[in-house]
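Input: a single structure, listed below in structure tokens.
Lettering of chains follows the sequences in order, A, B, ..., and the numbering in each one begins at 1. The structure presented is a predicted model; accordingly, all values stated were derived computationally and were not measured.
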There are 2 protein chains.
Amino acid sequence: MYLRYLEDLDTRGQRTASSDELAQLCGTTPAQVRKDLSFFGSFGKRGLGYPVHELTAHLREILGLEREWRVIIIGAGKIGAALANYRGFLQRGFRIAGVYDKSPEKIGHAWGEAIVRDIANLEQDLTEAETLIAVLAIPADDAQLIVDRIVGAGIRAILNFAPTKITVPAHVSLKSVNMAMELEGLSFALTHAMANSGAA
Amino acid sequence: MYLRYLEDLDTRGQRTASSDELAQLCGTTPAQVRKDLSFFGSFGKRGLGYPVHELTAHLREILGLEREWRVIIIGAGKIGAALANYRGFLQRGFRIAGVYDKSPEKIGHAWGEAIVRDIANLEQDLTEAETLIAVLAIPADDAQLIVDRIVGAGIRAILNFAPTKITVPAHVSLKSVNMAMELEGLSFALTHAMANSGAA
DNA sequence: AGGTGTGAATTATTTCACAGCG
DNA sequence: CGCTGTGAAATAATTCACACCT
């Protein structure tokens, strides 16, 4: 999050930013900003704030964004399409290395830059070029099966959009996004008329 | 999350579930399950566990899912399409009440059940039928502007997919999903080879 | 003055452990 | 017995507040 706003500031040519300013942008507190950043090092200058450009580079380094990551998308449905076209990915060093599906109607069709490949080729393709990240955009039923396969084929991180729990070995990182659950959270908030201070 | 798994158990005809079992399913601890549920009431039976069907109903009630929510989708791009087609929404009581866009090529075209409407009609439409939830699937640049408009028109909860911070008044609930940020989290985990225990 | 880095104090969350009910 | 509900204990996260640098 800090990186996002620091990049904005950097683009606008701002040289330094105080913890106060970053807190405002990110919707948190100055103390929080200082604690968070100090966990990784001592980047600020007393009396001045944090050097925007330098800190941006530091955070990129910390997040492992200096290299390019090959990402495969599994599932050439609507969600897969949305993800493949999402500019944010390329801009931040994530290259769509392939899109896979199992349905014959989709295999072979061009898809943005890529061509939809048969999911049967997966293991083969993954051994040819190191690909560690997979985005899962398939129905819930197939999810765990596919996960086991891609983990077996060497995938080390998964971003899951299938609305189901999936299990991975300890050496694999997993993040899940469940859109229905997000809406239910909003339903709860509306039902209980809770306060919200407008954070992002 | 509990609701999701309880519904599964209910469908399979299971009558009761212990905090141990729920913890296993949800990837948490039995103590956590009991604390969480006890916050809302005393649903379990000692020696037996929680009555699945009954608890499911309680949670639906708590989450405000007994009623139907009208949801509008703003932005008829790829992400909007993915969301409009997402079954999970309807299954859980969220009815797509309209899809809006500003681009003339898209307006008027059928779109699943709905027809893409001109975003200029927004205020009008919203006053005709109570609609409190909006899903934002538009580019970052337009986001805050649109948010101000829909909030002005009476929207009280927003699920934001635009990769930018948006600000809302205190009475409006906001959840943001930032896919690039999720991937960056995975990049960090890979770079630092952290452990992960396979939670959902 | 202006603003970081960081121990100490506070507040929140999670886990423990056990009394008590079915 | 088995398993919940819940105070008490242990951890974790956030905020305070101030020494210290520029």
Is the shortest side-chain N/O distance from B:Gln32 to OP1 or OP2 of C:dT15 below 4.0 Å?
yes
Rounded to whole Å, the CG-C1' distance (B:Leu37 to D:dT4) equals 11 Å
Whichever of A:Leu48 and A:Lys35 has the more 5' nearest nucleotide on DNA chain D, that residue is A:Lys35
Result for 5'-nearest mapping on DNA chain D, choosing between B:Ser18 and A:Asp36, is B:Ser18
For A:Arg67 and A:Glu130 the tightest heavy-atom approach is NH2-OE1, 3.8 Å
Which of D:dT4, D:dG5, C:dT6 is nearest the side chain of B:Ser19? It is D:dT4
Rounded to whole Å, the NZ-C1' distance (A:Lys45 to C:dG5) equals 14 Å
What one should report as the nearest heavy-atom pair of A:His171 and A:Arg156 is O-NE, 3.6 Å
Taken to the nearest whole Å, CG/A:Asp20 to P/C:dA1 is 16 Å
TODO: Quick one: sort the A:Phe89 and A:Tyr86 rings into parallel, tilted or perpendicular, breaks at 30° and 60°.
DONE: perpendicular
* Using a cut-off of 4.0 Å on non-hydrogen atoms, how would the nucleic acid contact of A:Gly47 be classed: base, sugar-phosphate, or nothing? -> base
From CZ of A:Phe43 across to P of C:dT4 the rounded distance in Å is 14 Å
Whole-Å distance, A:Tyr50 OH to C:dG3 P, equals 12 Å
note: A:Phe40, atom CZ; C:dG5, atom P; distance rounded to Å ~ 14 Å
For the residue pair A:Leu63 and B:Thr191, establish whether any side-chain heavy-atom pair is separated by less than 4.5 Å. no
Rounded to whole Å, the CZ-C1' distance (A:Arg34 to D:dC20) equals 13 Å
Look at the side chain of B:Arg46 against the base of D:dG2 and say whether a donor-acceptor pair falls under 3.5 Å; ignore hydrogens and angles. no
Open item on the list: When you compare the side chains of A:Gln144 and A:Asp148, does any donor N or O come within less than 3.5 Å of an acceptor on the partner?
Closed with: yes
From CD of B:Glu21 across to P of D:dG2 the rounded distance in Å is 16 Å
